Amino acid sequence: MSAPHFSAAFRQELEQLFIWRRDVRHFRTDPVAESVLDGLLHTACLAPSVGLSEPWRFVRVDAPERRAVIRANFAQANAQALTGHNGDDAQRYATLKLAGLDDAPHQIAVFCETDPTQGRGLGRGTMPQTTVWSAVMAIHTFWLAAAAQGIGVGWVSILNPAEAALALSVNPNWQFLAYLCVGYPQAQASTPELERKGWEYRNPARRRWINR
């Protein structure tokens with residue numbers, strides 16, 4: 001099979017995908033078709049991984065009682081995070097919607113098997129954390145594939161990771177990385193919600209090379 005040629009039009013559309021890929025917190029409640037979710041998982045597994053170890057583990061969280069534990073975890077962690085802000089920052093933080101846990105029809109936890117037998121350790125001798133980086137690449141691939149189909153993803157990072165992993169009863173050797181809310185967004189935007197809410201703005205300096 002010959003390598004594909006990616007046209008200028010495709011490259012422009014790809015950049016638009018990057019621009020419109022947002023961290024979504026406002027979801028519609030109608031579910032995504034199971035075949036589509038399975039396709040997203042298949043695409044996520046095309047991500048690069050150190051030594052071809054494929055260390056990612058995607059866990060569907062469907063049980064209401066497990067979701068309730070995660071929701072309580074978020075509420076406690078978010079209240080604690082609020083205490084770290086003062087004055088205007090605290091007021092601004094309190095108004096932010098930082099998770100779609102109440103509306104998103106699908107919730108997916110992502111773990112990393114940090115020392116998998118697959119790959120036989122190749123590339124991990126001096127940098128063992130590359131398994132975690134590989135799993136994060138799979139998350140990003142999942143996210144972009146979802147955005148390409150008009151599906152929103154929201155990464156809930158305001159959680160106690162040890163308690164979240166315990167609530168999901170997975171292999172104790174797996175490292176908790178992410179809790180994703182997945183579903184169709186109520187609305188789409190080309191700018192981050194935190195920017196629209198005035199919390200933070202992109203820094204143009206990050207787009208320049210650092211030369212040494």
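Residue numbers count from 1 along this sequence. Bear in mind that the values here come from a model prediction, so they are computed numbers and not experimental data.
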Engineer: Evaluate Phe111 against Leu168 for side chain to side chain contact (heavy atoms under 4.5 Å, CB included), listing each step before the verdict.
Structural biologist: CA-CA 11 Å; Phe111 294 81; Leu168 299 177; 3.9 Å; yes
Engineer: Val61, Leu177: one ILVMFWY side-chain cluster at the under-4.5 Å cut-off?
Structural biologist: no
Engineer: Test side chain to side chain contact (heavy atoms under 4.5 Å, CB included) on Leu159 and Phe176; report intermediate values, then the result.
Structural biologist: CA-CA 10 Å; Leu159 291 170; Phe176 179 83; 4.1 Å; yes
Engineer: Donor-acceptor pair, distance only, cut-off 3.5 Å: does the side chain of Ser49 make one with the backbone of Glu54?
Structural biologist: yes
Engineer: For Arg120, does the CZ atom have more than 12 heavy-atom neighbours from other residues, nucleotides or ligands under 6.0 Å away?
Structural biologist: no
Engineer: Does a sphere of radius 6.0 Å around NZ in Lys197 hold more than 12 heavy atoms from other residues, nucleotides or ligands, not counting ones at 6.0 Å or beyond?
Structural biologist: no
Engineer: Is it the case that over 12 heavy atoms from other parts of the model lie below 6.0 angstrom from the NE2 atom of His85?
Structural biologist: yes
Engineer: Given 3.5 Å as the limit, does a donor-acceptor pair link the side chain of Asp23 with the main chain of Trp155, or not?
Structural biologist: yes
Engineer: Within a 6.0 Å radius of atom CD on Gln76, are there more than 12 heavy atoms belonging to other residues, nucleotides or ligands?
Structural biologist: no
Engineer: Is it the case that over 12 heavy atoms from other parts of the model lie below 6.0 angstrom from the CD atom of Glu65?
Structural biologist: yes
Engineer: Is the closest side-chain donor-acceptor distance between His26 and Glu193 under 3.5 Å?
Structural biologist: yes
Engineer: Do any N or O atoms from the side chain of Ser53 and from the backbone of Gly119 form a donor-acceptor pair under 3.5 angstrom?
Structural biologist: no
Engineer: Looking just at side-chain N and O atoms, do Tyr93 and Asn78 make a donor-acceptor pair shorter than 3.5 Å?
Structural biologist: yes
Engineer: Start with the C-alpha gap between Glu34 and Arg60, add the side-chain angles, then the distance that decides, and say whether salt bridge (charged side-chain N to carboxylate O under 4.0 Å, His left out) holds.
Structural biologist: CA-CA 12 Å; Glu34 287 296 319; Arg60 289 275 298 271; 3.1 Å; yes
Engineer: Is it the case that the ring center of Trp56 lies less than 6.0 angstrom away from the ring center of His140?
Structural biologist: no
Engineer: What pairs with Phe10 under side chain to side chain contact (heavy atoms under 4.5 Å, CB included), at least two apart in sequence or on another chain?
Structural biologist: Phe6, Ser7, Leu14
Engineer: Taking Trp143 for the side chain and Arg22 for the main chain, is one N or O donor matched with an acceptor at less than 3.5 Å?
Structural biologist: yes
Engineer: Just do the salt bridge (charged side-chain N to carboxylate O under 4.0 Å, His left out) check on Asp115 and Arg124 with the steps written out, would you?
Structural biologist: CA-CA 9 Å; Asp115 190 22; Arg124 307 198 315 256; 3.0 Å; yes
Engineer: With distance as the sole criterion, is a donor-acceptor pair present between the side chains of Arg66 and Ser169 under 3.5 Å?
Structural biologist: yes
Engineer: Do you know which two heavy atoms are closest between Gly123 and Thr130, and how far apart they sit?
Structural biologist: O-OG1, 3.8 Å
Engineer: Tell me whether the count of non-hydrogen atoms from other residues, nucleotides or ligands lying under 6.0 Å of CZ in Arg202 goes above 12.
Structural biologist: no
Engineer: Please find the pair of heavy atoms, one from Arg71 and one from Asp102, that lie closest to each other, and give the distance.
Structural biologist: NE-OD1, 2.8 Å
Engineer: Report yes if the distance between the aromatic ring centroids of Phe58 and Phe142 is under 6.0 Å, otherwise no.
Structural biologist: yes
